[in-house]
Number of protein chains: 2
Amino acid sequence: MTLYFEDLSIGDRYEVGEYTVAKDEIIAFAEQFDPQPFHTDEEAAKDSVFGELVASGLHTLCLSVRLFVAEFVNREDGLANMGGLGMDDLRWHAPVRPGETLRVEVEVAEKNPSESHDDRGYVEFERHVYTDDTEVMTVRSYNIVRRRSAVE
Amino acid sequence: MTLYFEDLSIGDRYEVGEYTVAKDEIIAFAEQFDPQPFHTDEEAAKDSVFGELVASGLHTLCLSVRLFVAEFVNREDGLANMGGLGMDDLRWHAPVRPGETLRVEVEVAEKNPSESHDDRGYVEFERHVYTDDTEVMTVRSYNIVRRRSAVE
């Protein structure tokens, strides 16, 4: 059963899957979108503030969106997402290293029906990304979610 | 001459290049990180709130980081960036369509020396992404920037 705007309550938490990020993938992503030596070159990374090769924070963000979409929006009983509006409070708390497994949780932080469109509402999700017990990233994202009343 | 923390003044603006985004690239990015029909399937996109295939906002963000790094950090007289801390106020104002050219500008919005590390400071950049005259995305990013006094 699809998750519509009406089905979400503030405080609801959802596990949205895991992903293990390989070294080759970290380097390939960084070469394309964030070509800094501490993300692309193991030797050069030793002289950086990180002391070793680490994933681009942008890569961690992208993987968290991939899990949100693939495991929470696109699943059979998934979120009736109509689009994204923006994000706030994106923070990288700890580096992500090759071979580490990201785990993503989302919490419904706020929801408001649209005043101009009766088929949708606005939902603020707080997204947490963990590797084992370490919280590596947090972000608030704003999504447009379809109302059940628009399809029934 | 490298741009160190001391060389930046609040209000300074920098043009950090352009990038034309192709349809194939929009679809390939979305299949990997944001697999929603309005980003991956031209036919399905016609029924979405966008009415046509549009780039994932995450893709626009990634391309703006690529330009920031490739054209502003990695150039010969580039920014002495030591890493990123996070972002706020990420907003997508208008969709980006296949074949459109993104143009990125950054402005120094705030700077503060680190109190615990005398080799670095914190700089807040306001980043604007345009296609022609339309502002399609804005974001504030927080970077750690090396001080000139640490290398002289």
Side-chain angles (χ1 to χ4, degrees), chain A residues 19 25 28-40 45 47-50 54 56-74 78-93 95 114 117 119-120 137-144 146, chain B residues 19 25 28-40 45 47-50 54 56-74 78-93 95 114 117 119-120 137-144 146:
Chain A
Y19 189 85
E25 229 176 320
F29 180 93
E31 282 174 344
Q32 204 178 352
F33 295 117
D34 191 0
Q36 302 191 79
F38 38 81
H39 300 316
T40 60
D47 295 327
S48 73
V49 289
F50 302 108
V54 298
S56 166
L58 191 65
H59 194 187
T60 307
L61 175 66
C62 285
L63 291 170
S64 78
V65 173
R66 172 200 183 123
L67 288 169
F68 183 85
V69 172
E71 311 280 339
F72 186 53
V73 175
N74 288 355
L79 180 73
N81 184 48
M82 296 170 77
L85 294 166
M87 297 185 183
D88 270 314
D89 296 325
L90 171 61
R91 296 292 182 274
W92 297 293
H93 307 293
S114 166
H117 295 83
D119 65 342
R120 65 192 71 172
M137 200 199 90
T138 44
V139 66
R140 288 172 181 274
S141 72
Y142 308 107
N143 288 71
I144 311 172
R146 195 177 300 279
Chain B
Y19 189 85
E25 228 176 321
F29 180 94
E31 282 175 345
Q32 201 177 356
F33 295 116
D34 192 359
Q36 303 191 79
F38 37 82
H39 300 316
T40 60
D47 296 326
S48 73
V49 287
F50 302 107
V54 298
S56 165
L58 191 65
H59 194 187
T60 307
L61 174 66
C62 285
L63 291 170
S64 78
V65 172
R66 172 201 185 122
L67 288 169
F68 183 85
V69 172
E71 310 280 338
F72 186 53
V73 175
N74 289 355
L79 181 73
N81 183 49
M82 296 170 76
L85 294 166
M87 296 183 185
D88 271 315
D89 297 323
L90 172 61
R91 296 292 182 276
W92 295 293
H93 306 293
S114 166
H117 294 83
D119 66 340
R120 66 192 71 172
M137 199 199 92
T138 45
V139 65
R140 288 172 179 273
S141 72
Y142 308 106
N143 287 71
I144 312 171
R146 196 178 299 281

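Labels below follow one simple rule: chain letters A, B, ... track the order of the sequence lines, proteins then strands, and each chain is numbered from 1.
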Side-chain donor or acceptor of B:Asp88 paired with backbone N/O of A:Asp88 under 3.5 Å
no
Between A:Arg91 (side chain only) and B:Met87 (backbone N and O only), is there a donor and an acceptor less than 3.5 Å apart?
yes
Under 4.5 Å from any heavy atom of chain B, what part of [X] do you find: side chain, backbone, both or neither?
X	value
A:Leu85	backbone
A:Arg140	neither
A:Val49	side chain
A:Leu63	both
A:Phe29	side chain
A:Asn74	side chain

Atom CZ of B:Arg146 with >12 non-hydrogen neighbours under 6.0 angstrom
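At most 12 heavy atoms, drawn from other residues, nucleotides or ligands, come within 6.0 Å of this atom.
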Could you look at B:Phe68 and say if it's the side chain, the backbone, both or neither that has a heavy atom under 4.5 Å from chain A?
neither
Under 4.5 Å heavy-atom distance to chain A, tell me which part of B:Val73 shows up: side chain, backbone, both or neither.
side chain
Quick check: do B:Leu61 and A:Leu61 have side-chain heavy atoms less than 4.5 Å from each other?
yes
Could you tell me whether A:Phe33 and B:Phe33 have their ring centroids closer than 6.0 angstrom?
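Between B:Phe33 and A:Phe33, which both carry aromatic rings, the centre distance is not below 6.0 Å.
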